[in-house]
2 protein chains.
Amino acid sequence: MNTVENNNNYEENARFLKALAHPTRLHIVELIRDKEPCVKVMEEVLGVSQANVSQHLTLLRHLNIVEAKRTGNQVCYRIKNPRVLKLMDMLTDQ
Amino acid sequence: MNTVENNNNYEENARFLKALAHPTRLHIVELIRDKEPCVKVMEEVLGVSQANVSQHLTLLRHLNIVEAKRTGNQVCYRIKNPRVLKLMDMLTDQ
DNA sequence: TTAGTATATTAAGTTATTCGAATATTTGAA
DNA sequence: TTCAAATATTCGAATAACTTAATATACTAA
């Protein structure tokens, strides 16, 4: 492993952590973790605007942390990168 | 657990992740992990300015992630919150 | 088609991060 | 003392992240 590779790892990992370093996005991930909720449901549980939920979801999607699946009218989300589950576990056990 | 408590947890966890969501700070934590390097050494290894290292260290100190110990002229750092080690492990194993 | 529901995108304003430069503080050694 | 080395702090400018509001898109049902 040379310096450049290390550097890239730090940057990639920093991007990953940054994507989750927001209370709403942490909450979203926890919601998605067990079920596969659609945006409308998340909007209600989170208590933030539809646009805001959608923006956070877009960010998580672009980082391959979650993925979307359209079913008719609605779009449901699920975890794509299982690494995020380990992270959530780490945060959970006090 | 009520909504407020949940909210606080998300915010606290988000603050924790945000503190680490920077390539230089991830690198710093990895350096501190094994040894207890002083600022001068970190500055050289990281290849960033002294002021910048110090700024990142201050941030990590304020979040109780690392702690400082002065020895004469120099200040050495070590991990204070062991939780960060779990996080680093999680990032490391591919 | 048209209307309604669900979701996504864009734009604009605000706040937060980041970094470099300059300066201050602390300590040891002469 | 005085100087030099190590570290910390402050300030300002650039950039990034966040939120709200408005609008666009996708789909369903009538």
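In what follows, every chain begins at residue 1, and chains take the letters A, B, ... in the order their sequences are listed.
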Contact letters for nucleotides 19-30 of chain D, in which S counts primed atoms plus P, OP1 and OP2 and B counts the base, heavy atoms under 4.0 Å: BBBB---SBS--
Geometric class of the B:Y10/A:H27 ring pair [parallel <30°, tilted 30-60°, perpendicular >60°]: parallel
Under-4.0 Å side-chain N/O to phosphate OP1/OP2 contact, B:Y77 with D:dA6: no
Spacing of B:H22 atom NE2 and A:E11 atom CD [to the nearest 0.5 Å]: 9.0 Å
Those residues that, when tested against B:Q50, pass side chain to side chain contact (heavy atoms under 4.5 Å, CB included) (two or more places apart): B:E43, B:S54
B:D89 bridged to B:R33 by N-O distance under 4.0 Å: yes
Length of the line joining B:L60:CG and D:dT9:P, which is rounded to integer Å: 13 Å
side-chain contact (heavy atoms from CB on, under 4.5 Å) between A:L20 and A:M88, worked out: CA-CA 10 Å; A:L20 296 165; A:M88 295 305 284; 5.7 Å; no
Verdict with reasoning, A:N13 to B:L87, per side-chain contact (heavy atoms from CB on, under 4.5 Å): CA-CA 11 Å; A:N13 284 330; B:L87 181 62; over 6 Å; no
Donor-acceptor contact below 3.5 Å, side chain A:R83 vs main chain A:I65: no
Residue mapping more 5' on DNA chain C - nearest nucleotide basis, A:H62 or A:K18: A:H62
Overall bend - the helix from C:dT1-D:dA30 to C:dA30-D:dT1, comparing terminal axes fitted on five pairs, nearest 10 degrees: 10°
Listed once per pair and sorted, the salt bridge (charged side-chain N to carboxylate O under 4.0 Å, His left out) pairs that draw on residues 60-71 of chain A, sequence neighbours left out: A:E67-A:R78
Closest-nucleotide ordering on DNA chain D, the 5'-leading residue of B:K40 and A:R25: B:K40
Distance (rounded to the nearest 0.5 Å) between A:Q55 CD and A:L60 CG: 12.0 Å
Heavy-atom closest pair, residues A:L26 and B:A14: CD1-N, 3.6 Å
With A:K35 via salt bridge (Lys or Arg N to Asp or Glu O under 4.0 Å) - residues at least two apart: none
Rounded distance in Å - NZ (B:K69) to P (D:dT7): 14 Å
Start and end of the DNA chain C segment that chain B contacts, any atom under 4.0 Å from a heavy atom: C:dT17 to C:dG28
